[in-house]
Amino acid sequence: MNEGFEMIMGKDIDSYFDIYTHAPGPSGSLPLTPDMLRNSPSGDLFGLTQNVGMGWDPKKLLGKQILILGTQGGIRDEDGRPIALGYHTGHWEVGIMMKAAAEEITDLGGVPFAGFVSDPCDGRSQGTTGMFDSLPFRNDAAMVLRRLIRSLPQRSAVLGVGTCDKGLPSMMLALAGMGKLPGVIVPGGVTLPPTQGEDAGKIQTIGARYTNGELSLEEAADLGCRACATPGGGCQFLGTAGTAQVIAEALGMTVPHAALAPSGQPVWEEMARQSARAALKMAESGLTTGQIITDHAIRNAMAVHAAFGGSTNLLLHIPAIAHAAGLTLPTVADWAEVNRSVPRLVSVLPNGPEHHPTVRAFLAGGVPEVMLHMRKLGVLDEKSLTVTGNTIGETLDWWESSERRHRMRRHLLENEGIDPDRVIFSPERAKQAGLTSTVTFPTGNICPEGSVIKSTAIDPSMVDSDGVYRHVGRAKVFTTERAAIHAIKNKGIVAGDIMVLIGRGPSGTGMEETYQLTSALKHLPFGKEVSLLTDARFSGVSTGACIGHIGPEALAGGPVGQLRNGDWIDIRIDLRQLEGHVEMVGSGEVPEDSEVGTNVLASRKPHPDLAKDPDLPDDTRLWAALQAASGGTWRGCVYDVDRIVKLLEAGMNTAEGQKIMNS
């Protein structure tokens, strides 16, 4: 045999051959009754055998079975040393929470079970084909999680432990779809920023900044090493991970003051035990997830999203949660109305104006503190229930005078030197400080079905005195993200340009997230003078004049797919009225008007380079087709089974359908 084979197989040692073929089995006996033997399914009885086979005490088999589902990734030694890495810090420590919850369940007489569905990292897959699986993963993971729940027939309640961009939304979808069962979300918390250095959002721009002479090689290497200052938790900014935690709490799916806790610290671990107690109480009282996630709870979540200035990715996830729960899906008009009525109150990364890490938002009071201000504005449904069995209103009554609130806020002031009221503002102080509302939904001849921009993240210096962002410029059109980032890095994009990235929606790439573009523009000197239009989506940490979710997408015949280099585009975003338009206004020497642009677009064929990405996986192609049949992006990229089945049946009954079936 060759050396390679011998290296793989190694040398045999004597202990390999000390093999035994039977064992005495666990001691004791199952707590069976005649009724159980006569009437219980064989699966229930065999489950007891399996439980003692894994080492559970036979005398403690009949407590309530509580399923703990987690997104844990990687393998940690007992001392935290990595044995095998996870995909990201967000799921690296959640096993600690799961262990704490399991121990609490056991101490209270329950029987904990645990299962795992790990999740990818959007930061790790930026600019790679890994991003093509990111958004589709959410639906697939939710289905697997629901299958795991149903596969434990005697479960009395479910704890869902998750942190990051896809793991936590999929966990919320899974629990929302099990409305007759008690369910509690346990947010996995946040990582800390370095004492000296850059946050995990800015650090993702070291390549673009180095290429443009903004960083040396040594600086990039040093800063990159320290950005994730602690090993667990979601990123330090209010991106999709942090916003998803906030939304879980706003929906009533968590215990109070759960979102954005510092991963690995005692208050974070205690939250797991609190959640375990809440799940057991729900199981005993009969409170179900369906009683918590209601149309009013969805509205609360939308309002809290606006108050925090959350990620635009939640415009995909909140409708999906509503769909999973069988509720009314919010429309673009609903989102616009909420954002007009709810001011932004939170000043954190990436929106500012003061760029606090999210752990400071937790110390300043987190979701309950923001809700206290919202309560005074009358924009909350206080009768909505939470997993504690109390209403939002009762929870806020407790929070307002709680020791926890006052000690957390005092700690931030005395130990960090940060005024908590400069992290979470009152509405009056927020207005004085210039905090603008969160999102706007522009329309126009380029995006007749709509689009979205996190308007609060537009650089204030680019906004006119009347609160309007105006940009008229020529388009530079790209059909791949690789070509677009190459242009940014190599001076192919200059101040005044309007970048257009097409064919990157659901049908082209699985609706990839284009943070490497938006982050580069944010942290390059000329970037604030560049606008970006795309049928893809953005990271929750994206800032600037970046307009995404353009519908229809280019590959579905959207006018954005007819744009060419040199076309004039007129962008106007009113940050006060939350109105906007994106119009193609001609292709000649000077800009004309939207009517001219509409006629030009209608006369053109799609861009000659427009095509789905050649590396698009079949799995994602299937996801794209199913979500399109279910209503597409503005319905949350869901699987609407009834709608899909009707379309399939209609298609199969046509002559063309019969031809395909018989081929």
Would you call Pro262 and Leu192 a side-chain contact if the rule is heavy atoms closer than 4.5 Å? yes
For the residue pair Trp268 and Glu93, confirm or rule out a side-chain donor-acceptor distance under 3.5 Å. no
Could you check whether any side-chain heavy atom of Ser539 comes within less than 4.5 Å of a side-chain heavy atom of Asp122, counting everything from C-beta outward? no
If I compare all heavy atoms of Glu249 with all of Pro368, which pair ends up nearest, and what's the gap? OE2-CD, 3.3 Å
Close side-chain approach of Thr358 and Phe237, heavy atoms under 4.5 Å: no
Tell me the closest heavy-atom pair linking Ala272 and Ala101, and the distance in Å. O-CB, 3.7 Å
Basic-acidic side-chain contact under 4.0 Å: Arg576, Asp466: no
Specify whether His305 and Trp335 have parallel, tilted or perpendicular ring planes, treating 30° as the upper limit for parallel and 60° as the lower limit for perpendicular. perpendicular
Over all atoms of both residues, closest heavy-atom pair of Ser384 and Asn300: OG-ND2, 3.5 Å
Which atom pair, heavy atoms only, marks the closest approach of Leu412 to Arg360? CD2-O, 3.7 Å
Please check if the side chain of Asp570 supplies one atom and the backbone of Glu583 the other of a donor-acceptor pair under 3.5 Å. no
Applied to residues 262-282, the salt bridge (charged side-chain N to carboxylate O under 4.0 Å, His left out) test, sequence neighbours excluded, yields Glu104-Arg277, Glu269-Arg273, Glu270-Arg273, Glu270-Arg277
For Arg138 against Ser170, the heavy-atom pair lying closest together: O-CB, 3.4 Å
Value for CD (Glu529) from OG (Ser461), rounded to nearest 0.5 Å, stands at 8.0 Å
How about Tyr639 and His323: are their ring centres within less than 6.0 Å of each other? no
If you measure only the distance, is there a donor-acceptor pair under 3.5 Å linking the side chains of Asn390 and Thr395? no
Hey, could you give me the CE/CG distance between Met302 and Asn339, rounded to the nearest 0.5 Å? 8.0 Å
Using every non-hydrogen atom in the two residues, find where Val439 and Ser455 come nearest and quote the distance to one decimal. C-OG, 3.6 Å
Measuring only between side-chain heavy atoms, which start at C-beta, is His257 closer than 4.5 Å to Trp399? yes
Pairs where residues 192-204 contributes a residue and the test side-chain hydrogen bond (donor to acceptor under 3.5 Å, both in side chains) is met, not counting sequence neighbours: Glu198-Arg209
Is the closest side-chain donor-acceptor distance between Thr436 and Thr456 under 3.5 Å? yes
Verify side chain to side chain contact (heavy atoms under 4.5 Å, CB included) between Phe362 and Val367, making sure each step is shown before the conclusion. CA-CA 8 Å; Phe362 175 79; Val367 172; over 6 Å; no
Residues Arg537 and Asn313: side-chain donor-acceptor under 3.5 angstrom: yes
Out of Thr163, Asp119, Thr71, which residue meets the side-chain hydrogen bond (donor to acceptor under 3.5 Å, both in side chains) rule with His91? Asp119
His471 versus Ser531, side-chain donor and acceptor atoms under 3.5 Å: yes
Side chains of Gln291 and Thr288: do they bring a donor and an acceptor to under 3.5 Å? yes
Looking at Glu400, is its backbone amide N or carbonyl O close enough to the side chain of Arg405 to form a donor-acceptor pair, meaning the two atoms are under 3.5 Å apart? yes
Less than 4.5 Å apart, any side-chain heavy atom of Ile298 and any of Leu251? yes
